[in-house]
Amino acid sequence: MLKDIKGVGPKTLNLLNKLGIFTESDLIDYFPFRYNTICPTELKEGEVVISGIVETSPIATYIKKNLNKLSFRIEAENQLINITIFNRAFMKSNIKRGMEITVMGEYDEKHNTITASNIMLKSIEETYIEPVYHTTNGLSSKLICTLVKNAFLNNPEIVDYIPDYLVEQYDFPDKESCVKLVHNPTDLSSIESSIERLKYEELFRFMFKINYLKSCRTEHDGLKRTEPTSVVDDFIQSLSFELTKDQLSAIKDITEDLLAPKRMNRLLLGDVGSGKTIVAITSIFYNYKSGYQSALLVPTEILANQHFLNITRLFKNFGIRVELLTGKTSKKERKQILQDLESKEIDLLIGTHAVLEDDVQFKNLGLVITDEQHRFGVNQRNIFQNKGVLSDVLYMSATPIPRTYALTIYGDMDISIIKTKPNGRKEIKTELKTNKEIKEILKTILDEIKEDHKVYIVCPLIEQGEEPSNMMDTITLKEKLNKAFKGKIPIGLLHGRMKADEKENAMQDFKDGTTRILISTTVIEVGVDIKEATLMVIFNAERFGLATMHQLRGRIGRNSLDSKCILISDKSSERLKILVNSSDGFYISEEDFKLRGEGDLFGTRQSGDMVFKLANLKTDMRLLTQANVDSAAFIKDNIDDDFANYKEYQTIKESLLHID
Ligand code: ADP
Ligand code: MG
C-alpha cells in the first residue's frame, strides 16, 4: 500500500493522488520524463555547477506572496561566493554551515553571485544523472525520487507482461533491474535499453488486448434484419442539407453491416466538424426501421443534452421516441424510462455512463453508438457488447490519425473515414503571433467580447510548479486578464485537476454566457457546440501537438460568424505554419507525423489505457508494429489452451472487463 512507504504521510498521499498515483505500483511506474546530467565545472560567467562548503547560515527573506529568497555563502575554488535561490525558503534548515553542497545556476562575476536554479545537499565529483519527474505544488521531483527509492525497500512485486520466449528472443534485461535503472540511472546508455524494454511491454499489453478482442470477434453472429438499407432515403431527404459523399459512403458501410448477419464492430473516424453525428443518426433511423432500439453513449452531460435536442428535432416527424438518461435524471423519471425501455416504448436512449448501469435493460437493443470514442479506453470497447447480447456497435472518434495507424490500434474494428468537410463551413483563420504582440491580442479579445462573442484561451500549464517556468499557466493568466480588463469580463477556468462535475459546470457556465472567456488546458470538451465562440488563443503554441491544436480550434467556427485562432509562440517554426496553412486534420496529423517533433498524434489527451507511461504511439511506431505482430502470433499459438503458460493473461483479461 502506498501509505506503507516510508515518507508517505497523509499530506504526501494526497499529493501523490493528485498526480494519479494511488498504489505502490503506480508509484513505481511513475517514470521520469527526462534526465539532467550534471557535472561540476569551473566558475565562469553564465550557467555553472559547483560544489563547495557552506560558510554562512542561510537567511530567508519573504519578498511577497509566493516569492521568497534564500541567501548564504559557500567556499569553492578558494573563494567565497554568494548564493541566492528563490522560493526555497523551506530548505533553510537543511543547509547547515560546514556541509558540502552543489549549486547549479547563473554566475554573475561582477557581484560574485550565483543565482541558483537548483541545490543538491551533497558534493559531486563526476557526472551525475538526475531523474526529473512531473511534479505538483508541494511535491518536488526530488521528493518523488526519494519516495520511489523507498518504495523499492518494501520489495514490491514487479510483474513482467512479456512472455518468456519473447524476453529471450529480444534478449531483454530483466524487468526489475530495468525499472530500478530508469529511476536511478548510472549512465545514460543503459537507460535507453531499459526504456525500450518497458515501452515494448506497454505496447505488447495494449496490442494483446486489441488482438485478443479481434480474435474473439469472429465467434459472434449478429442480429437478424431484413429491412432494405434504402429505407434511410426518406430520412436523408428530410434533412435541410445535402450529405457529403463521405457521409453517404459511411452510411452505406454501416447500414450494410447492420443488414449483414455478422455483428458490426465499426469505427467512424472523422475530423472535427466533418459531420459524424448525422451519420450516426441515420444509422439509428435504419436500426429503428428494422425493429430495434438504439443507445447513444457520450462522455458528458453537456454533449448528451446537445445530442438530445438535436436528434429530437430531426426525428420529430418520424414517430421515433427519444429519451435522455444522465446522472442528473430524477429518480422518478429514471424509473419511468427504465420501464419504457423494457416495454420498448423508447426507441433511442441518449446518455452518459448512466446508460451502462446494470438495471438499465432494453427490450431489444440492436445498436450501440459511442461518441468521442477516444475518451473511452480499449477496456470500454467491449462492455457495450455485454448490454444487448448481440447488438451492433459503432464507435465515433474525431481523432484524425493516419490510416496505417488506425488499422493497428483499432485493429479489432472495421473503419469508415470521413475525409471531407461539409460545404459552407467557414474556414477558421489561423495566425501566428509572438508575446510581444500581446497588447494587440488583448484588444482582439476585447473586440470579440464587445460583439457578444465568446473566447477560448488555452495554456500549457495549470499553475506554476516548483521550478519557475516561462510557460503560461491558467491561474496566472486569469489574474493578468482580470487586471487588464479591470475585472469587468467574467472569466471561467477549466483544467484536468477539476472534478468531472466542476468541469461540466465550467463548460455549462461558458455555454450559458455566465462566463465570457474560458481559460483552460487542453481538456476543453470535444464536440461541444458553442455557437458564439469565435476566437481561440493558444499560449506557448510550440508546446502542443499539431493534432491537439487542430482539435482545439474545432471548438470555434461553429456558425456563420468569422472565427479566428491565434497561436502565440516566440519560437518561429515550420511546424506551426502547417496549422496556419491547412485545415485538413488528416493532412495535419500526417505532416506532424513526418516531422516527428514534439506533439501527440492523438490530439487531446487520451483517457484510460490509451495513455502510455513511456511509449509514445507516434515516435515508437516501430515498437508498436513489433508488439502488434508478436502479440497476434502469441495469441494464435496460445488461445486454444487458454494461455495456460501465461499467468498475466488473467490480469489483462480482467482489465478488459473493467469499467473506469
Ligand atoms: P463532428 O463530426 O465533429 O461530430 P457534427 O456532426 O457535430 O461534427 O457536425 C458539425 C456541424 O455540421 C453540425 O452543425 C451539422 O449539423 C453540420 N453538418 C453535418 N453534415 C452536414 C452537411 N452535409 N452539410 C451541411 N452541414 C452539415
Ligand atoms: Mg461530434
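We count ligands from 1, going down the list as the structure has it; atoms in each ligand are counted the same way.
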Original post:
So is Thr277 polar-close to ligand 1, meaning N/O to N/O under 3.5 Å?
Top reply: yes

Original post:
For Lys531, is at least one N or O under 3.5 Å away from an N or O on ligand 1?
Top reply: no

**OP:** Report yes if some N/O of Gly275 lies less than 3.5 Å from some N/O of ligand 1; otherwise report no.
**Re:** yes

Original post:
So is Asp271 in contact with ligand 1, going by heavy-atom distances below 4.0 Å?
Top reply: yes

Original post:
Between Lys531 and Asp529, is there a salt bridge with N-O shorter than 4.0 Å?
Top reply: yes

**OP:** Between Gln247 and ligand 1, find which residue part has any heavy-atom pair under 4.0 Å and reply side chain, backbone, both or neither.
**Re:** side chain

Original post:
For ligand 1, is there an N or O atom under 3.5 Å from any N or O atom of Gly273?
Top reply: yes

Original post:
Where does Asp371 meet ligand 1, judged by heavy-atom distances below 4.0 Å: at the side chain, the backbone, both, or neither?
Top reply: neither

Original post:
At a 4.0 Å threshold, what atoms of ligand 1 neighbour a non-hydrogen atom of Glu242?
Top reply: 22 (C), 23 (N), 24 (N)

Original post:
Using 30° and 60° as the class limits, which term best fits the ring planes of Phe285 and Phe315: parallel, tilted or perpendicular?
Top reply: tilted

Original post:
Atom CD1 of Ile251 and atom CD1 of Ile278: how far apart are they, to the nearest 0.5 Å?
Top reply: 7.5 Å

**OP:** Indicate whether any N or O donor in one side chain lies under 3.5 Å from an N or O acceptor in the other, for Glu542 and Ser569.
**Re:** yes

Original post:
Under 6.0 Å between ring centres, would you say that holds for Tyr456 and Phe510?
Top reply: yes

Subject >> Salt-bridge criterion met for Glu463 and Arg497 (N-O under 4.0 Å) >> reply: yes

Original post:
Which atoms of ligand 1 sit under 4.0 Å from any heavy atom of Pro422?
Top reply: 20 (N), 21 (C), 22 (C), 23 (N), 24 (N), 25 (C), 26 (N), 27 (C)

Original post:
Using 30° and 60° as the class limits, which term best fits the ring planes of Tyr212 and Phe208: parallel, tilted or perpendicular?
Top reply: parallel

Subject >> Numbered atoms and elements of ligand 1 in range of Ser274, under 4.0 angstrom, heavy atoms >> reply: 2 (O), 8 (O)

